[in-house]
Amino acid sequence: MAPFTSSLNLIASSCCCSSSSSSLPLLLLPRPPPAKLSLLNSNRFVPSSLLRLGRHRLSPTRAASSTSVNGFPFRDNFGNDGDSRRGSLERLQAGIKLLISVLPGGSWWSLEEQEEEVGINEKKSVSSATHVLRRMWMMVADERWIIFAASAALVTAALSEISIPHFLAASIFSAQSGESMTFYRNAKLLVLLCLTSGICSGLRGCFFSIANMILVKRMRESLYSSLLFQDILFFDKEPVGDLTSRLGADCQQVSRVISGDLNMISRNFIQGMGALIYLFILSWPLAFSTLLICSALSTIMFFYGQYQKRAARLTQELTACANEVAQETLSLMRTVRVYGTENQEFGRYQEWLVKLASIASRQSFAFGFWNMGFNFLYHSTQVIAVLIGGINIMSGHITAEQLTKFLLYSEWLIYSTFWVGDNWSSLMQSIGASEKVFNLIDLLPSKQFSEEGVKLQKLFGRIDFVNVSFCYPSRLTVRTLQDINFSIRENEVVAIVGLSGSGKSTIVNLLLRLYEPINGQILVDGIPLSKLNIRWLRERIGYVGQEPRLFRMDVSSNISYGCPREISHYEVESAAKQAFAHEFIMSLPNGYATIVDDELLSGGQKQRIAIARAILRDPKILILDEATSALDAESEHYVKGVIREVSNDSRMKRTVIVIAHRFSTIQVADRIIVMDGGRIVEMGSHQELFQKDGMYARLAKRQVDAFTS
Ligand SMILES: Nc1ncnc2c1ncn2[C@@H]1O[C@H](COP(=O)(O)OP(=O)(O)OP(=O)(O)O)[C@@H](O)[C@H]1O
């Protein structure tokens, strides 16, 4: 138990305990690091609390006037004598206000503002503590024998430990009264009790840790598989940093539940009950007074536990927000470096750290109050026991041995109550962390993963968009596609062109069924997309995205990634050759076995690997979304040759959709669809559209001009 003062010093020295929104005592306000001064001047990306503090420190006019920080008065060094009496009064009032606010139940303790900020709505939370514990039990129920073995060891160890004080006192007093037989019998029993308590405590710890490991593993498995099977629009809404935080920190927090919290609560509960029964046997008036003190302790613990639970959930949300910022910044490190925004990014991250520290400071103060209550009540028990017990000894109602035993057992009882309370609040924190995890686990998987839907005998590759309209669920007011109508014949090569943001990639997203249209129908070989088995269809589609991403695995595995059939190395190599990737792959340190990731290859090299991946699938429908944008002129020329070849190869003809900005790539197409503002504005061959002198011709001419000027 850390003393109250040390936790206060710790928080004050950690110095980052202010919240922009919460009213925190001045001693907890953070000092901005020197690097922040330029940021404070620029006022950009600076946490509002820091900015406020920075302004107070930097602006002499502000500093000269009486002001307040976080609702509390800021020390006025420039005040004049005339105002000093009024100033003193105001300071006194503010001091009293501050004192009242930090007392238990005061406004400083309120977490509501921060809860609202991160979107915690307690009323909406479906998970109660018992519900969460039941869910956890279900996750380890298959290995219940471990829990039963651990419980048996726990009960034996607890009973052995609680018996020790009785035999200790009995041994001492039997030695004092010269009863050697009794003394040696008690001594032997003490040795036996030490052995059983030691062995059983070891077994208890070991079994509970195993059960805990199983719980955390299952929780992570369930959460990860639930996330993997969500619709794409789920990932549009949920930031990646948030989700990885649930998988990492939150599941880790839950890891304390079985081996720490429940284990200790059960052990201390058994020992506390044992001690209480023993106390009542010794002297019921003394036992009653101890019980009263323990009840007061339990009441404080209950409220403390509830508060800790809310604080834990808030901490969890704020940590997720901080992780999100860190993840974004670290993944965009090159951009950050080039634009020199390290300090801004530091400020963005620090803003969340300040909020976290604000919650942590309240938790520490709560712990301080709780600790204070405990120490007071604990010593009260001893004083009361000695006072009442002493009177009873003098009047001959109890013996000194009984009073000694009473003192020893009352200490056990009060410590057991303390540990039950302490572990209870820790349990509440873990439950707070697991609620959100269970909410995510409970999300229904995307309907697309059902085995339902038609699997055609053969896919021909005809595609029809009939009156298709669409808006992204995150932007319901903006129509991204409006009344799209077109047909692509089997084995036809179609290019989609248009200005940036006109909806070209969205058409592909709908064809891949990553989203559902809000209106109209998409048909493949005359069958509505929604009726086809989507897994079956996707296996027959080759897709090269705008910015292909590679997994951290060897080149060969990256090329064969997601291929539904067994692939030989020869096939991988020939796909790479077709995509003009073979040469650069062979120049890598370990050729096809070289481990690569998103950062280790150039954009063009990644695109060639992605093209090889698509070719290897031998798809009936090939979609190339700006697939040649990062290629140099020579590679593009060859890859265009490949596109022509794969689409013309009479043995394996396929439908090809090419989205491109470069007109050299577009010319490969049989037909061109021109888009503008989510609508199709022109359609035809290159010649037809050029003669029409519409949007396509304008775009083409602009590109030619750009090359020649
Ligand atoms: N996941 C998404 N959520 C919300 N809006 C989106 C999403 N993806 C794209 N949009 C928006 O939809 C519109 C069309 O985007 P789309 O990517 O289809 O355009 P595009 O023609 O392919 O552009 P570009 O040529 O630049 O790739 C844009 O305004 C874009 O901001």
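Remember, predicted model here, so these are calculated numbers, not experimental data.
Not a single donor-acceptor pair under 3.5 Å links the side chain of Y409 to the backbone N or O of G274. A donor-acceptor contact shorter than 3.5 Å is absent between the side chain of S358 and the backbone of V354. The backbone N or O of V155 lies less than 3.5 Å from no partner atom in the side chain of R204, so there is not a single donor-acceptor pair. Between the side chain of S416 and the backbone N or O of Q271, no donor-acceptor pair lies under 3.5 Å. A donor-acceptor pair under 3.5 Å links the side-chain atoms of T404 to the main chain of A400, judged by distance alone. Listed for the E435 side chain is no donor-acceptor partner under 3.5 Å among the backbone atoms of I431. Looking only at distances, no side-chain donor or acceptor of R362 sits under 3.5 Å from a matching main-chain atom of I359.
Here the closest heavy-atom approach between residue L403 and residue G390 is recorded as CD2-N, 4.2 Å. A pairwise comparison of heavy atoms in W352 and A322 identifies CB-CB, 3.8 Å as the closest pair.
Side-chain atoms of R185 and M181, non-hydrogen and from C-beta on, never get closer than 4.5 Å to each other. The side-chain heavy atoms of I441 and R135, taken from C-beta on, include a pair separated by under 4.5 Å. With a 4.5 Å cut-off on side-chain heavy atoms, N392 and Q402 do not count as touching. Here the side chains of L407 and V386 are in contact, with some heavy-atom distance below 4.5 Å. I300 has its side chain out of reach of F369: every pair of non-hydrogen atoms, C-beta onward, lies at least 4.5 Å apart. For the pair F234/L443, a side-chain contact is recorded, criterion being any heavy-atom separation below 4.5 Å from C-beta on. Taking 4.5 Å as the limit, every side-chain heavy atom of T329 sits out of range of all side-chain heavy atoms of Y349. In this structure the side chain of F269 never reaches within 4.5 angstrom of the side chain of N423, judged on heavy atoms.
For F303, the CZ atom counts as loosely surrounded, since its 6.0 Å shell holds 12 or fewer non-hydrogen atoms of other residues, nucleotides or ligands. Counting non-hydrogen atoms of other residues, nucleotides and ligands closer than 6.0 Å to CZ of F288 gives a total of 12 or fewer. Within a 6.0 Å radius of OH in Y184, other residues, nucleotides and ligands contribute 12 heavy atoms or fewer.
If you check the side chains of T182 and S174, you find no donor sitting under 3.5 Å from an acceptor. Checked by atom type, the side-chain pair T399/E401 shows no donor-acceptor distance below 3.5 Å.
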Before you tell me yes or no, could you show the steps for W137 and I147 under side-chain contact (heavy atoms from CB on, under 4.5 Å), namely the whole-Å CA-CA distance, both residues' side-chain angles and the distance that decides it to 0.1 Å?
CA-CA 10 Å; W137 168 252; I147 306 268; 4.0 Å; yes
Test side-chain contact (heavy atoms from CB on, under 4.5 Å) on I146 and I214 and set out the steps.
CA-CA 10 Å; I146 296 178; I214 295 170; 3.8 Å; yes
Check step by step if ring-ring contact (aromatic ring centres under 6.0 Å, His included) holds for W370 and F418.
CA-CA 10 Å; W370 148 242; F418 171 81; 5.3 Å; yes
Test Y304 against F367 for side-chain contact (heavy atoms from CB on, under 4.5 Å), laying out the working first.
CA-CA 8 Å; Y304 175 65; F367 178 72; 3.1 Å; yes
Take R267 and E161 through the test side-chain contact (heavy atoms from CB on, under 4.5 Å) and record every step on the way to the result.
CA-CA 10 Å; R267 185 191 118 168; E161 283 166 7; 3.9 Å; yes
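Residues R348 and E351 are not paired through a salt bridge, judged by the lack of any N-O separation under 4.0 Å between the basic side chain and the carboxylate. With respect to the salt-bridge test (charged N to carboxylate O, under 4.0 angstrom), the residues R218 and E143 qualify.
Of the residues I293, L408, I162, L279, the one that meets the side-chain contact (heavy atoms from CB on, under 4.5 Å) test with L413 is L279.
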